[in-house]
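We count ligands from 1, going down the list as the structure has it; atoms in each ligand are counted the same way. Predicted, not measured: the structure shown is a model, and the values here were computed from it.
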Amino acid sequence: MVHYADGQPIGDLTLRTLAMPADANAAGDIFGGWVMAQMDLACGIRAAERAKGRVVTAAVKEMSFAKAMKIGDTLCIYTHVERVGRTSMTLKVEAWAQRYLSDLMEKVTHAGFVMVALDSDGKPKPIPAES
Ligand SMILES: CCCCCCCCCCCCCCCC(=O)SCCNC(=O)CCNC(=O)[C@H](O)C(C)(C)COP(=O)(O)OP(=O)(O)OC[C@H]1O[C@@H](n2cnc3c(N)ncnc32)[C@H](O)[C@@H]1OP(=O)(O)O
């Protein structure tokens, strides 16, 4: 049973992974770019499921790093499809750290991602109705 320090996560748990020494600077802080890459992967998974096919990241908005992620923390990424347009969708993404060997979960980062569905030629394609 985990304990959430900053309210409850919004969205569905889409990805979990462990922050390793190779992902950190000399002070043990995990690089923001690594966290962002994991958020991109989570959005790719969630958006591909919704679009039922290939997607790309068109834009990343409102990203802010509220707390540091440390070596040994488990990164938990939650995604929520906030808006579905014609070929694009906007996802709200939250990154939480389950602190090393503890049940404490803290929100470290959040952002908005715009993902676009593509056809096999790499052109934007309409997102199908939800089934
Ligand atoms: C089947 C189940 C599988 C499940 C399991 C799958 C697992 C498998 C997971 C793989 C996960 C990989 C996830 C990697 C994700 C990357 O890392 S992809 C690499 C990085 N991204 C790129 O390289 C994208 C490069 N850019 C492009 O290709 C083009 O600019 C784009 C994004 C396709 C847009 O093309 P365009 O010709 O400008 O298209 P346009 O018609 O003007 O706009 C299309 C839509 O995008 C919107 N848009 C375009 N630019 C922007 C912007 N800057 N801001 C906001 N909206 C924008 C438009 O408003 C429009 O929206 P709608 O009104 O149609 O809803």
Side-chain angles (χ1 to χ4, degrees):
M1 183 82 172
V2 292
H3 167 65
Y4 297 98
D6 308 294
Q8 291 279 321
I10 293 172
D12 298 326
L13 180 61
T14 311
L15 191 130
R16 287 178 93 203
T17 189
L18 194 59
M20 298 296 282
D23 309 315
N25 65 21
D29 297 319
I30 297 299
F31 294 121
W34 180 83
V35 175
M36 189 175 172
Q38 308 310 309
M39 293 168 85
D40 197 25
L41 283 177
C43 285
I45 292 168
R46 187 74 193 271
E49 285 174 345
R50 178 62 186 83
K52 298 186 172 61
R54 182 179 163 191
V55 294
V56 283
T57 310
V60 181
K61 300 183 169 178
E62 308 158 13
M63 184 153 223
S64 58
F65 294 91
K67 288 184 179 162
M69 179 99 197
K70 293 283 185 180
I71 293 168
D73 291 348
T74 299
L75 178 66
C76 306
I77 300 187
Y78 295 81
T79 61
H80 167 68
V81 180
E82 183 182 58
R83 186 198 69 91
V84 177
R86 196 180 81 83
T87 67
S88 70
M89 66 189 97
T90 304
L91 291 91
K92 288 291 172 201
V93 193
E94 293 186 357
W96 288 67
Q98 183 173 356
R99 299 303 183 186
Y100 182 56
L101 297 184
S102 85
D103 61 2
L104 177 63
M105 288 271 277
E106 292 188 302
K107 185 159 82 170
V108 291
T109 308
H110 65 93
F113 277 65
V114 179
M115 311 297 289
V116 176
L118 298 183
D119 64 18
S120 53
D121 295 324
K123 302 281 182 227
K125 105 173 177 188
I127 297 168
E130 202 159 21
S131 53

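Nearest heavy atom pair, residue Thr87 against residue Pro124, reads OG1-CB, 3.8 Å. The minimum heavy-atom distance between Arg50 and Pro128, with the atom names listed, is NH1-O, 2.9 Å. Contact detail for Ile127 and Gly85: the closest heavy-atom pair is CD1-O, 4.4 Å.
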When you check ligand 1 against the protein, what N or O pairs turn up below 3.5 Å? List the atom names and distances, or just say none.
{"unit_1": "ligand 1", "atom_1": "17 (O)", "unit_2": "Asp40", "atom_2": "OD2", "d": "3.1"}
{"unit_1": "ligand 1", "atom_1": "21 (N)", "unit_2": "Thr57", "atom_2": "O", "d": "2.9"}
{"unit_1": "ligand 1", "atom_1": "61 (O)", "unit_2": "Ser88", "atom_2": "OG", "d": "3.0"}
{"unit_1": "ligand 1", "atom_1": "64 (O)", "unit_2": "Thr87", "atom_2": "N", "d": "2.8"}
{"unit_1": "ligand 1", "atom_1": "64 (O)", "unit_2": "Thr87", "atom_2": "OG1", "d": "2.6"}
{"unit_1": "ligand 1", "atom_1": "65 (O)", "unit_2": "Arg86", "atom_2": "N", "d": "2.9"}
{"unit_1": "ligand 1", "atom_1": "65 (O)", "unit_2": "Thr87", "atom_2": "N", "d": "3.1"}
{"unit_1": "ligand 1", "atom_1": "65 (O)", "unit_2": "Ser88", "atom_2": "N", "d": "3.0"}
{"unit_1": "ligand 1", "atom_1": "65 (O)", "unit_2": "Ser88", "atom_2": "OG", "d": "2.7"}

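Qualifying salt bridge (charged side-chain N to carboxylate O under 4.0 Å, His left out) partners for Glu106, counting only residues two or more places apart in sequence or in other chains: Lys67, Arg99.
The environment of CD1 in Ile10 is sparse: at most 12 heavy-atom neighbours from other residues, nucleotides or ligands sit within 6.0 Å.
The backbone N or O of Ala27 sits less than 3.5 Å from a side-chain atom of Asn25, completing a donor-acceptor pair.
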